[in-house]
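This structure is a prediction, so every number in the text was calculated from the model and none was measured.
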Amino acid sequence: MRRHVMWAIGLTAYIIAVFHRSSLGVAGVAAADRFGVGTSLLALLSVAQLAVYAGMQIPVGVLLDRFGSRRMLVVGGLLMVAGQLLFAYAGDIGPAIAARVLIGVGDAMTFISVLRVVAMWYPPRRNPLMVQLTGMVGQLGALSSAVPLVVLLRDAGWTATFLGAAVLGAAAVALVALTLKDAPAQEQGKADKTPKALKLSWEHPGTRLGLWTHFVAQFSGSVFALLWGFPFLTQGEGLAPATAALLLSLLTVGGIVLGPVIGHFCGRLPYHRSTLVLGIVAGSAAAWAVVLLWPGRAPLAVLTGLVLVLAVNGPGSMIGFDYARSFNPAGRLGGATGIVNVGGFAASIVLIVGIGVLLDLQTPAGAAHPTLGAYKWAFAVQYVLWGVGAAQVWRYRRTTRRIMPPEHLAAMRRGEALPVTP
């Protein structure tokens, strides 16, 4: 029972972090008016936050192994509170960017800290399912931020809205500080504080397998939901904004539903995790091929099928964290998890920029928006990332299996999860 309480406390902190992360999404129009900027500068707010999040993963992972989850969640929560306070009073784009950077740094400290709580409190067989539940339930923060923030922005104004978000974040910080325990008493004090801890995590091919799993499985669904899906569906495919928004909601809800299924599979068949990852990649590439090769605009049913396939991307990328847990001692789990978490966000940044550049190159000056053909060529750049990522997953799968002790390999083939190394 106590482990569920500790998980629920960490999960609450993560839901609030996702709420902070997503708070800009519904405030875009209001932000453009408040700061007097166009779409390119407005997009810089999201890119800055995402880039900081990705860049902080490894340093945060090292700090996590040294200081533990509770301290990192408290510091991260306070940074996000400070970011929302600054955002509430920001009057131009400079302070607004600084505010989103603070939120990005605090957000970077949250998810991997909660994953360490899961790894320390739950037995190995339960870990994959709990990781999936953590990631997917955490997305409720994105869903819950939409309507309340829209209503507050309309009725209470900018400053009151983001002051309210700061108060919500402060409550989450207080909850974590007063009640969360990093691990059961017998597991305390096992952090690996040696200078070589991060180097050892990186050198293990199982960690790199996790990195490339996260890289190859996440970016397509993430970029579609984060930035380019809505304009593709409305400007390119000609859907009504309400229909496009419904499809993006389906992407999130589908991930929440499918996450536990993926987690159960990984817990029961750990030897076949990489096969599932490669299957997810193949499915995503095939679904996009149907849409990109469709003559003219694709039917709604085809676009719905694409979104349902992309809904597996998020849960699929979470398998990377299970590799970090499987092949690293508990004392350096934070650093290994940070390494893994870089993969998907690095790929997403590359894809966001790549699609933007290709759209600019194909859109004539003065055109209202890119054509459907321009969108299709831009989204085709995904196949380069899929090819690189899938090749690396295949490479490190073979290397990891080759160096595993025979008894561990046999246990995985029998469906037994590897224990967390003490």
Side-chain angles (χ1 to χ4, degrees), residues 57-58 61-62 64-65 112 115-116 118-132 135 183 187 190-192 194 196-218 262-282 315-344 388-422:
Q57 286 305 302
I58 293 177
V62 174
L64 176 60
D65 286 331
I112 64 174
L115 291 190
R116 194 174 193 277
V118 171
M120 300 305 292
W121 279 95
Y122 285 89
R125 186 68 176 265
R126 297 283 301 279
N127 194 271
L129 177 59
M130 298 309 298
V131 168
Q132 290 289 346
E187 298 292 337
K190 289 188 174 181
D192 187 346
T194 64
K196 294 183 178 179
L198 185 64
K199 181 174 181 288
L200 291 172
S201 293
W202 170 250
E203 288 177 345
H204 197 293
T207 305
R208 300 195 195 189
L209 177 57
L211 166 70
W212 287 105
T213 293
H214 199 257
F215 177 101
V216 77
Q218 187 198 56
I262 301 294
H264 182 71
F265 178 95
C266 293
R268 293 292 301 273
L269 300 169
Y271 185 77
H272 298 289
R273 289 173 293 186
S274 56
T275 302
L276 176 60
V277 170
L278 294 173
I280 290 171
V281 172
S317 71
M318 303 289 278
I319 298 173
F321 299 116
D322 199 40
Y323 285 124
R325 181 205 59 82
S326 295
F327 300 112
N328 287 275
R332 63 172 193 251
L333 185 58
T337 303
I339 291 171
V340 169
N341 209 22
V342 169
V388 172
Q392 293 293 81
V393 167
W394 182 266
R395 170 190 176 188
Y396 285 109
R397 176 175 83 163
R398 296 181 62 189
T399 306
T400 302
R401 290 177 176 178
R402 188 169 62 246
I403 69 168
M404 284 179 66
E407 61 272 19
H408 284 185
L409 200 59
M412 287 180 65
R413 284 174 170 157
R414 293 193 302 267
E416 299 172 9
L418 294 177
V420 175
T421 309

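Shortest non-hydrogen contact noted between Gln218 and Ser317 is CB-CB, 3.5 Å. Smallest separation of non-hydrogen atoms from Ala119 and Asn127: CA-ND2, 3.3 Å. Closest non-hydrogen pair, Ala183 versus Met120, comes out as CB-CB, 3.7 Å. Scanning both residues, Cys266 and Arg273, for their nearest heavy atoms gives SG-CG, 3.8 Å.
Proximity of Met318 to Ile262: side-chain heavy atoms (C-beta onward) are nowhere separated by under 4.5 Å. Looking at Leu333 and Leu64, their side chains never come closer than 4.5 Å, going by heavy atoms from C-beta outward. Using a 4.5 Å heavy-atom cutoff, the side chains of Leu211 and Trp202 are in contact.
Atom CG of Asp65 and atom OG1 of Thr337 lie 8.0 Å apart (nearest 0.5 Å). Once rounded to the nearest 0.5 Å, the distance linking OH of Tyr122 with CZ of Arg325 reads 14.0 Å. In this structure, CG in Leu198 is found 10.0 Å from CD in Glu203, a value given to the nearest 0.5 Å.
Every side-chain contact (heavy atoms from CB on, under 4.5 Å) that Val281 has, sequence neighbours left out, goes to Val216, Trp386. Under the side-chain contact (heavy atoms from CB on, under 4.5 Å) criterion, His272 pairs with Phe265, Leu269, Thr275, sequence neighbours left out. Listed by chain and residue number, Arg397 satisfy the side-chain hydrogen bond (donor to acceptor under 3.5 Å, both in side chains) test with Ser274 (two or more places apart in sequence, or in another chain). For the ring pair (Phe, Tyr, Trp, His ring centres under 6.0 Å) test, residues two or more places apart in sequence or in another chain that qualify with Phe321 are Phe111, His214. When the side-chain hydrogen bond (donor to acceptor under 3.5 Å, both in side chains) test is applied to Ser201, the partners found at least two apart in sequence or on another chain are Asn328, Arg332. Applying the side-chain contact (heavy atoms from CB on, under 4.5 Å) test to Pro406 and every residue at least two apart in sequence or in another chain returns nothing.
Checking side-chain atoms of Gln57 against main-chain N and O of Val340 turns up no donor-acceptor pair under 3.5 Å. Judged by distance alone, the side chain of Arg126 and the main-chain N or O of Val118 form no donor-acceptor pair under 3.5 Å. Looking at Arg401, its side chain never comes within 3.5 Å of a backbone N or O of Arg398 through a donor-acceptor pair.
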Chi angles and distances behind the side chain to side chain contact (heavy atoms under 4.5 Å, CB included) call for Ile403, His204: CA-CA 10 Å; Ile403 69 168; His204 197 293; 4.1 Å; yes
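Remark: Arg208 is not positioned above the aromatic ring of Phe327, lacking an NZ or CZ atom under 6.0 angstrom from the ring centre and at most 45 degrees off the axis.
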Throw together a table of side-chain donor-acceptor distances under 3.5 angstrom for residues 388-395, partners on residues two or more places apart or in other chains.
none

